[in-house]
Amino acid sequence: MDLRKVRKLIEIFNASNLSELEIHEGEDSIRLNRTLTVVADQTTVQSAAHLPSDVSQTLKDIDIDDDPADDDGTFAVLSPMVGTFFAAAAPTDDPFVKVGDEVSPGQPLCLIEAMKIFNQIEAERSGTVLKVLKQNGDPVEYGEPLVILSE
Amino acid sequence: MDLRKVRKLIEIFNASNLSELEIHEGEDSIRLNRTLTVVADQTTVQSAAHLPSDVSQTLKDIDIDDDPADDDGTFAVLSPMVGTFFAAAAPTDDPFVKVGDEVSPGQPLCLIEAMKIFNQIEAERSGTVLKVLKQNGDPVEYGEPLVILSE
Amino acid sequence: MIEKIVIANRGEIALRILRACRDLGIATVALHSEIDSEAKYVKLADESVCIGPAPAALSYLNIPAVIAAAEVTNASAIHPGYGFLAENAAFAEQVVQSGFVFIGPTPASIRTMGNKIEAIRTMEKAGLRCVPGSGGPLGDDLDEIRLQAEQIGYPILIKAAAGGGGKGLRLVQDESELENALALSQGESSLGFGDSTLYMEKFLNNPRHIEIQVLCDNFGNAVYLGDRDCSIQRRRQKLIEEAPAFGIPDHQRRELGERCVEACTEIGYLGAGTFEFLYDGQQFFFIEMNTRVQVEHTVTEYVTGIDIVKEQIRIAASQPLTITQDEVSITGHSIECRINAEHPSTLMPSPGVIHHYHPPGGPGVRIDSHIYTDYEITTHYDSLIAKVITYGSDRDEALARMQGALAELVIEGVDTTTALHQKILAKKKFRRGVVDINFLERSLGH
Amino acid sequence: MIEKIVIANRGEIALRILRACRDLGIATVALHSEIDSEAKYVKLADESVCIGPAPAALSYLNIPAVIAAAEVTNASAIHPGYGFLAENAAFAEQVVQSGFVFIGPTPASIRTMGNKIEAIRTMEKAGLRCVPGSGGPLGDDLDEIRLQAEQIGYPILIKAAAGGGGKGLRLVQDESELENALALSQGESSLGFGDSTLYMEKFLNNPRHIEIQVLCDNFGNAVYLGDRDCSIQRRRQKLIEEAPAFGIPDHQRRELGERCVEACTEIGYLGAGTFEFLYDGQQFFFIEMNTRVQVEHTVTEYVTGIDIVKEQIRIAASQPLTITQDEVSITGHSIECRINAEHPSTLMPSPGVIHHYHPPGGPGVRIDSHIYTDYEITTHYDSLIAKVITYGSDRDEALARMQGALAELVIEGVDTTTALHQKILAKKKFRRGVVDINFLERSLGH
């Protein structure tokens with residue numbers, strides 16, 4: 001499955017006024033669904049993106065979750081640079097953090113080495129380490145997730 | 001999966017007043033659905049992007065006239081070959097037909113000269129000559145209208 | 001000079017002719033069937049004329065329609081491209097009789113070369129070695145045919161004089177198969193061409209297909225533009241062509257080229273033409289002559305820098321050749337892959353709409369194609385949709401660029417032969433140049 | 001040998017480098033900013049690394065990010081393309097110090113040629129004629145500068161030593177304008193480059209821009225690949241380039257080329273480079289040297305058959321040049337039109353989504369472009385979106401093919417300079433080759 005395509009498809013779907021989209025291709029299929037909340041009596045229901053201006057009902061009544069916040073209470077710490085991931089300051093040291101640790105803002109999470117310089121990556125907010133996505137020596141790109149924290 | 005096609009399809013769907021569209025092609029299929037939440041009585045349902053603002057009925061009441069038959073009682077006599085148009089058998093002769101003439105099936109309408117051979121173009125059904133579209137010496141393509149008749 | 005040319009063809013070759021005319025400042029008239037009316041190359045022409053409905057018999061093969069189109073547009077010449085009416089002597093004759101210039105050889109040359117027996121006799125007389133064979137039509141006397149076959153030596157091939165596309169062609173391994181084979185070929189030939197004349201040739205074991213490109217003007221000048229290898233074929237259809245033919249010693253190429261030029265002078269040939277040979281590793285055996293521009297003229301253009309279609313037009317306009325044999329030099333190597341809208345393994349035609357077309361680019365890459373995004377490929381015409389041609393300072397560089405170009409080529413919506421070409425290009429034997437006309441079918445396990 | 005190359009650039013030159021690597025069987029790492037991550041050429045690379053957000057300062061100009069990307073991908077060399085870090089001596093130095101091969105000249109060469117005064121001094125010492133001028137930085141003494149200006153002869157140009165893009169450049173017609181001009185240039189230069197050093201040169205009246213392409217290896221071998229004319233410029237940006245430079249007598253071209261090669265040997269130059277000259281119809285005056293591959297390298301490739309980017313890589317891999325000067329031959333003529341996403345008359349950048357891209361094809365047409373249907377052109381980078389390059393056996397044929405190619409080119413969704421190129425190509429003076437660096441602005445009425 002190509003996640004980029006799925007993401008793109010969701011974008012297209014979101015920008016549309018569809019409530020459902022189903023595609024079968026060979027053995028593959030995908031179904032997107034957006035339940036429109038039922039509105040009370042004696043009202044007008046409209047769903048389109050480009051509503052005429054004299055519509056008697058405002059959009060806010062329609063509960064379309066256009067950009068569903070990925071708000072499951074977790075957030076990722078992204079790499080601010082290209083380099084090599086290190087979980088600890090030295091091979092024999094303990095890692096800065098491990099799963100389950102509570103971290104507070106400014107606390108070091110890992111190192112990214114670039115051009116022989118070790119750059120310390122710190123937590124921006126407090127949380128609990130849910131997952132460390134990289135291992136010692138892993139190459140990381142700019143913007144790649146390193147550590148997942150939960151609030 | 002071709003995202004552009006999907007996007008295009010949604011555009012077409014949006015511009016239509018359908019509530020559902022399902023296409024099967026070989027093993028592939030796609031289904032678009034726009035559930036108009038059904039509301040209680042005495043309401044207006046609108047779903048499309050470009051609905052006129054004064055629409056006051058439900059979708060099913062809207063008269064779809066997608067392809068209005070071009071049936072204005074006229075028909076064109078098309079050239080069956082490439083060549084040069086001649087309205088008369090000889091430069092000094094009267095033309096075979098002129099506007100307002102009644103013609104019957106088999107009656108010559110004009111000549112098309114191709115490779116020094118003059119091919120007589122005849123009326124296939126009866127009618128009145130509304131218009132002669134070509135003049136002596138005009139080049140004509142295959143399938144080009146020559147004469148317009150009305151029934 | 002010629003001022004306006006009618007392009008009596010479609011697809012990539014129509015576009016190719018249009019480009020040559022445009023470079024020469026000659027106006028163009030694109031003829032097209034109803035179904036081709038929206039093609040981009042039709043829009044690029046100065047004028048266009050619809051000459052009939054989609055079936056070729058009613059449009060591109062419709063002689064009165066083509067000539068009438070030239071008349072109504074006041075054109076001065078007609079370029080037939082390849083296929084359709086390109087090797088139809090009667091058409092060439094009518095073009096000339098109607099007062100137009102036919103961009104090609106004389107009707108007599110076309111007629112002679114169209115009959116395989118005539119062609120072989122003519123070329124033998126002109127000094128070219130042909131495949132040992134009956135040297136003429138087979139008679140009715142089976143015993144005499146038996147004797148001839150024995151003299152030639154089995155295995156032999158039975159061929160139809162009016163033949164083409166493999167019809168009437170039959171391999172005979174020994175005398176026991178002869179009588180039955182003759183009967184079958186005769187039936188096929190009379191059914192297929194309305195002419196049951198047969199002839200015999202010695203069957204060569206896995207030869208290469210080598211051809212020589214020539215250009216001849218009205219003033220007795222003739223040159224050859226080197227050779228091409230077109231051994232990569234499937235079902236007698238060329239798939240990959242190269243220039244020069246690798247591994248042929250220079251003196252042999254020169255000798256063969258010179259003999260072809262002599263033959264041209266002998267028969268008074270005019271325009272562009274191709275002598276086709278089988279090569280058994282030692283000797284060249286003439287098999288036929290094509291009296292038109294060929295699909296694979298592009299690779300010769302790349303290694304010589306000579307625009308063959310422009311030369312055809314100049315010759316037809318009674319201009320002397322602009323180049324002498326001394327000025328023809330072969331530099332580097334060029335390869336062409338014919339991309340067909342076909343399934344890469346079954347080779348079943350794949351009509352449909354191309355919903356994304358993106359051709360490759362960069363150094364040493366030439367694309368000849370009439371398709372574009374949203375173009376519809378119908379079942380009415382042949383399946384060639386793009387020619388990818390690469391050039392390199394040597395064969396390795398040309399091969400590397402071809403692999404790169406095929407990797408970049410995007411044609412979505414229909415099946416294409418791209419994957420088959422990639423498969424061939426990856427084969428070590430092919431890369432080493434160890435090929436023959438049966439290479440592809442053998443290596444694909446057919 | 002080099003096994004994996006980091007392409008530290010974007011757009012058409014990134015694709016160009018990728019193609020060269022692919023032909024050589026070298027793995028590629030495409031570096032890209034966040035906004036370029038979906039580009040087709042990025043997908044064509046064996047690996048890709050996102051090195052930062054869209055602004056070039058944070059990605060393509062981010063030296064630690066580029067070097068770190070080479071480290072994490074275990075690459076052996078870095079190709080900087082043109083622009084961005086290509087002529088940054090500090091970058092070249094760090095690349096080398098980090099243990100990678102820098103595909104280009106030594107940091108010292110880059111540094112010398114980066115300072116215009118240094119470059120001119122070096123080349124004068126190496127025997128090249130430079131534009132008569134101050135021969136060094138101007139002092140503080142206005143009277144002395146006045147004297148120098150008088151000796152050079154008005155009109156003169158005041159230039160910034162660290163200059164580029166016209167900043168600090170000022171034309172002085174006579175002595176009365178001198179003082180004010182010096183003050184203005186000094187201000188611009190210190191503001192623009194943090195360096196207020198100025199120098200003076202004689203102003204040439206409507207000269208042509210002629211340049212010589214060189215290649216030098218590690219073994220003391222150096223060759224020149226003929227010349228180019230790049231006189232068609234607007235706001236100091238080249239728009240059309242040609243090879244060879246028409247109308248230059250062969251012996252003058254040879255003499256100039258040989259002198260460039262000598263200069264290369266003198267200064268120990270390595271890799272591909274370009275000597276830029278002004279030509280007043282009689283003499284060549286050295287103005288600067290570009291220590292990288294140039295946008296217009298393509299036209300030299302077409303007329304020499306030499307792949308300049310491949311040669312750069314081979315040289316960087318410490319291989320000796322594969323060609324000697326005797327083997328370099330110029331055949332035919334080539335022209336390049338730079339298609340920018342700009343309004344053809346205002347030259348305002350035109351960002352947007354290309355909703356239909358269809359490049360031209362056929363004989364003698366090469367396209368170098370990274371765009372495709374649905375590609376988005378942002379405002380972050382320069383506006384060059386396609387190079388259309390044509391070849392012909394002579395300049396007329398190359399011109400005709402360029403006009404044909406531009407007529408076939410389809411780029412919908414953004415404005416492009418195509419119409420401007422068509423306008424230039426239609427001008428009689430241009431067709432006759434009567435051009436100079438002010439031709440375009442003059443003929444457009446600016």
Side-chain angles (χ1 to χ4, degrees), chain B residues 1-13 21 23-30 32 75-89 91 109-122 124 132-147, chain C residues 4 6 8 29-37 42 45 47-60 62-75 78 90-91 93-100 350-358 373-374 410-415:
Chain B
M1 177 170 49
D2 185 341
L3 289 172
R4 268 171 305 133
K5 263 199 178 158
V6 174
R7 195 187 293 145
K8 193 77 205 165
L9 207 56
I10 293 174
E11 267 174 47
I12 294 167
F13 182 66
L21 171 65
I23 298 172
H24 291 263
E25 212 172 58
E27 287 181 59
D28 307 333
S29 71
I30 183 164
L32 303 180
F75 59 94
V77 177
L78 308 181
S79 176
M81 66 187 73
V82 182
T84 306
F85 180 91
F86 289 98
L109 300 173
C110 60
L111 300 177
I112 301 293
E113 183 262 0
M115 293 188 75
K116 318 291 170 222
I117 294 164
F118 288 85
N119 304 279
Q120 196 164 287
I121 309 304
E122 296 164 357
E124 280 176 11
V132 179
L133 299 161
K134 297 285 168 185
Q135 298 194 315
N136 272 339
D138 278 359
V140 295
E141 293 184 86
Y142 170 85
E144 231 185 321
L146 301 171
V147 174
Chain C
K4 194 193 274 185
V6 163
V29 181
L31 303 193
H32 61 87
S33 68
E34 278 186 316
I35 213 169
D36 282 337
S37 60
V42 171
E47 294 171 62
S48 66
V49 178
C50 180
I51 53 167
L58 302 174
S59 47
Y60 298 107
N62 182 347
I63 297 180
V66 171
I67 293 179
E71 281 169 347
V72 300
T73 55
N74 273 316
I78 297 179
F91 171 64
E93 226 154 45
Q94 287 185 62
V95 167
V96 175
Q97 279 165 8
S98 303
F100 300 103
S350 173
V353 174
I354 293 169
H355 51 73
H356 190 177
Y357 170 59
H358 184 84
T373 298
D374 291 340
V410 177
I411 298 178
E412 283 170 13
V414 298
D415 288 330

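As the structure is a computational prediction, the values presented were derived from the model and not from experiment.
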*Asks:* Could you tell me which residues satisfy side chain to side chain donor-acceptor pair (under 3.5 Å) with C:S59, sequence neighbours excluded, listed by chain and number?
*Replies:*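 Counting only residues at least two positions away or on another chain, C:S59 forms no side chain to side chain donor-acceptor pair (under 3.5 Å).
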*Asks:* Side chains of C:E34 and B:E141: closer than 4.5 Å at any heavy-atom pair?
*Replies:*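 Not in contact.
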*Asks:* Would you please name every residue forming a salt bridge (charged side-chain N to carboxylate O under 4.0 Å, His left out) with C:E93, sequence neighbours left out?
*Replies:* C:R111
*Asks:* Within a strict 4.5 Å, meaning less than it, do heavy atoms of the B:Y142 and C:P53 side chains meet?
*Replies:*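 They are in side-chain contact.
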*Asks:* Counting heavy atoms not belonging to B:Q120, are there more than 12 under 6.0 Å from its CD?
*Replies:*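 Count over threshold, so yes.
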*Asks:* Chain B heavy atoms under 4.5 Å from C:Q97: which part of the residue, side chain, backbone, both or neither?
*Replies:* neither
*Asks:* Please identify, among B:G143, B:G83, B:G137, the residue contributing the most non-hydrogen atom pairs under 4.5 Å to chain C.
*Replies:*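 Highest number of pairs under 4.5 Å: B:G83.
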*Asks:* Shortest non-hydrogen contact from C:A65 to B:V82?
*Replies:* O-CB, 3.9 Å
*Asks:* For C:S98 versus B:M115, what's the shortest heavy-atom pair and its separation?
*Replies:* OG-CE, 4.1 Å
